[in-house]
Amino acid sequence: EVAEKRNTTIAYSSPLPSQSDTQTKEWEYQKRNKPSWTPPGWVFAVMWPLFVFGTRAVTAAAVVQKTGLYTNSAIMALMFHLCIGSLWNTVNNVDRRLGFSVPLLYALALSKMLAAYRFYLVDPLLGKCLAAT
């Protein structure tokens, strides 16, 4: 029995995206069929961290203050929503599995409704504020 020798090459790569990777992702994003009312990218860059994350942080802090508990059903519902959002982001933007990202969008919407409802049970204003994000 003759042992086969396989030619193996070790490839070293950086965890950081290369310029060609970034250009490819930008090109793929530009060719996606987006609605005409999609805002420009800078709106996302401003609104997401300031309004969305800020509102979530303030409402979650108020839930903790009102219940006296860091671990309660409202906060856990928000954590579940954030987990679904992280999964969707990976599937849609990293793996680019656009077909599978659609059911995840429905799951994301349902988890947001659950979190807003649980916040609403603690304080109706908090539930409405969270629903707006």
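Along the sequence shown, residues are numbered consecutively beginning with 1.
Clustering of Ile, Leu, Val, Met, Phe, Trp and Tyr by side-chain heavy atoms under 4.5 Å joins Tyr117 with Leu121.
Atom CG in Leu108 sits 9.0 Å away from atom CG in Leu82 (nearest 0.5 Å).
Hydrophobic cluster membership is shared by Phe53 and Met47, with clusters built from Ile, Leu, Val, Met, Phe, Trp and Tyr side chains linked at under 4.5 angstrom. Under the 4.5 Å side-chain heavy-atom criterion for grouping Ile, Leu, Val, Met, Phe, Trp and Tyr, Phe51 is not connected to Leu126 through any hydrophobic cluster. When the side chains of ILVMFWY residues are joined at heavy-atom separations under 4.5 Å, either directly or via intervening members, Leu69 and Ile75 end up in two distinct hydrophobic clusters. In this structure, Val64 is a member of the same hydrophobic cluster as Phe119, with clusters built from ILVMFWY side-chain heavy atoms closer than 4.5 Å.
Leu87 pairs by the side chain to side chain contact (heavy atoms under 4.5 Å, CB included) definition with Val91, Leu104, not counting sequence neighbours. With sequence neighbours left out, Ala116 forms a side chain to side chain contact (heavy atoms under 4.5 Å, CB included) with Ala131.
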Residues Thr55, Leu130; criterion side chain to side chain contact (heavy atoms under 4.5 Å, CB included); working and verdict: CA-CA 7 Å; Thr55 304; Leu130 186 65; 5.8 Å; no
Side chain to side chain contact (heavy atoms under 4.5 Å, CB included) between Val63 and Asn72, intermediate numbers included: CA-CA 9 Å; Val63 165; Asn72 57 61; 3.8 Å; yes
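Residue pairs meeting the salt bridge (Lys or Arg N to Asp or Glu O under 4.0 Å) criterion with at least one member in residues 53-78, sequence neighbours excluded, are Lys66-Asp123. Residue pairs satisfying the ring pair (Phe, Tyr, Trp, His ring centres under 6.0 Å) criterion with at least one member in residues 56-113, sequence neighbours excluded, are absent. Among residues at least two apart or in separate chains, there is no side chain to side chain donor-acceptor pair (under 3.5 Å) pair with a member in residues 124-133.
Nearest heavy-atom pair across Ala107 and Ile84 is C-CG2, 4.0 Å. Heavy atoms only, all atoms of each residue included: Cys129 and Thr59 are closest at CB-CG2, 3.7 Å. Here the closest non-hydrogen pair linking Thr71 and Met76 is CG2-CE, 4.1 Å. Looking at every heavy atom in both residues, Arg118 comes nearest to Ser73 through NH2-OG, 2.6 Å.
With a 4.5 Å cut-off on side-chain heavy atoms, Asn92 and Leu98 count as touching.
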